[in-house]
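We name chains A, B, ... by the order of the sequence lines, and we start the count at 1 in each one.
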2 protein chains.
Amino acid sequence: MPVARAGVTAERLTRAAAELADEVGFANLTVSALARRFGVKDASLYSHVRNLRELKERVAVLALAEVADRAASALAGRAGKDALVAFANAYRDYAREHPGRYAAMQFPLDPETAEASAARRHSELTRAILRGYQLPEPDQTDAVRLLHSAFYGYVSLEAMGGFGHHPRESDVSWSRSLDALDVVLRNWPGAG
Amino acid sequence: MPVARAGVTAERLTRAAAELADEVGFANLTVSALARRFGVKDASLYSHVRNLRELKERVAVLALAEVADRAASALAGRAGKDALVAFANAYRDYAREHPGRYAAMQFPLDPETAEASAARRHSELTRAILRGYQLPEPDQTDAVRLLHSAFYGYVSLEAMGGFGHHPRESDVSWSRSLDALDVVLRNWPGAG
DNA sequence: GCATTACCCTAGGAGCCCTAGGTAGAGGGA
DNA sequence: TCCCTCTACCTAGGGCTCCTAGGGTAATGC
């Protein structure tokens, strides 16, 4: 049972790293800055975390779990287009509230870590959306990928200012895009 | 007229940086590594490029121009779904051939540089795809954003291994997703 | 009360970005 | 031909980063 002397724990380190990433950007998340935030020398952190890579992995895993939680509760009790919209908004809202954590989700995890993380829950949740649309299995996988791509792409491009600086209009386009995705799920092109 | 003594020019520097980025990843593009590649000390590069940021911007601008060129020639003489598929494949193929340059396109450019770059051509080209689908103006903008998001998202997720490691299946899902996008463009949900 | 544990430290090496100031060779002008 | 200038490249060096090695000290467990 590890005892905290200046309050540094792998757990608290990860949470603080996530907050720091949200403030300065995931790419600027640094061991030195994190140590500074704890009033501690950077070398001291290496007792709790193997290296910067592991720290970033921890933030990524945290973010994946948080998003999965939000998505799950957004999906609860909804079906069809309702579920689609709720899921997509949960995803987008999280990215806007926690840009650093969102960026962390792109961080490449080694297969073991990914398996142990909530990455799997994500595909399952995305699949749950499709339950209301009655898609047969091979099409379901394709649809999951398209949805995931569209959500991820839209949120990323929006975050990096890819749509010009019209936040209001971007909201409208977002709704319209969700309408469009609903249409395509109801009229998924048959195999062949 | 600048004279080359060891062959270092802003031009050649940019091209070499793009190649280096493709090899080691855009995030690992470094002034030192680039200097090493030219058999020169890192400090020497600062006569040609202001700093690392400018170097990355140059690579981003180069990549945007190259992609726009490919997209333009893919679009030539095509319309409707043909155009959609050709454009999307040009985009995806470029990302696979030049992952570093592709990542560079995400690099945030300041507004002036973005304006001077090929970023504008990109929206115009994406809009050109829609010409065959006869969408009225407010919907057109939304559709451009959805298409861009889906292409960008799919290619990014694929590149970072987000779809598991089934390259063949990923090709199939890609075609299916393009089919689906074609469907949604032909049945775009009316305003309201 | 004492040994163990683990938390945090200092010291230091290596790599990176970038600035300041110096040297050598190519080009043009007298 | 000689010199002057311009510039491509250099060395020196400061600051920040990641990370390792090894030491001190306080709290825990007996």
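Side-chain contact between B:M105 and B:H122 is present, with at least one heavy-atom pair separated by less than 4.5 Å.
The closest side-chain donor-acceptor pair between B:Q106 and B:Y152 falls under 3.5 angstrom. Under 3.5 Å, the side chains of A:D142 and B:W174 contain no donor-acceptor pair of N or O atoms.
A straight line from CG of B:L20 to P of C:dC16 spans 11 Å, rounded to a whole angstrom. Look at CZ on A:F38: it is 13 Å from P on C:dC7, rounded to the nearest Å. Atom OH of B:Y46 is separated from atom P of C:dG21 by 18 Å (rounded to the nearest Å). Distance B:R50 CZ to C:dC17 P: 17 Å, rounded to the nearest Å. In this structure, the CD atom of A:E54 is 14 Å from the C1' atom of D:dC18, given to the nearest Å. Going from atom CG of A:L45 over to atom C1' of D:dC19 covers 12 Å, rounded to whole Å. A:K56 has its NZ atom 13 Å from the P atom of D:dT17, to the nearest Å. When rounded to the nearest whole Å, the span between CG of A:L55 and C1' of D:dC19 equals 14 Å.
The side chain of A:V31 lies closest to D:dC19, out of D:dC19, C:dC16, C:dC7.
A sub-4.0 Å separation between OP1 or OP2 of C:dC17 and a side-chain N or O of B:T30 is present. Side-chain nitrogen and oxygen atoms of B:H48 include none within less than 4.0 Å of the OP1 or OP2 phosphate oxygen of D:dT7.
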Applying salt bridge (Lys or Arg N to Asp or Glu O under 4.0 Å) to A:E158 and A:R92, what does each step give before you reach the verdict? CA-CA 10 Å; A:E158 195 179 28; A:R92 181 166 175 248; 2.6 Å; yes
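Salt bridge absent: A:E19 and A:R15 never bring a charged side-chain N and a carboxylate O closer than 4.0 Å. Residues A:R96 and A:D171 are paired through a salt bridge, judged by an N-O separation under 4.0 Å between the basic side chain and the carboxylate.
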With the sugar-phosphate defined as primed atoms, P, OP1 and OP2, and the base as all remaining atoms, what B/S/- string results for nucleotides 10-15 of chain C, 5' to 3', for protein heavy atoms under 4.0 Å? B-----
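Between A:Y94 and A:H98, the ring center distance clears the sub-6.0 Å criterion.
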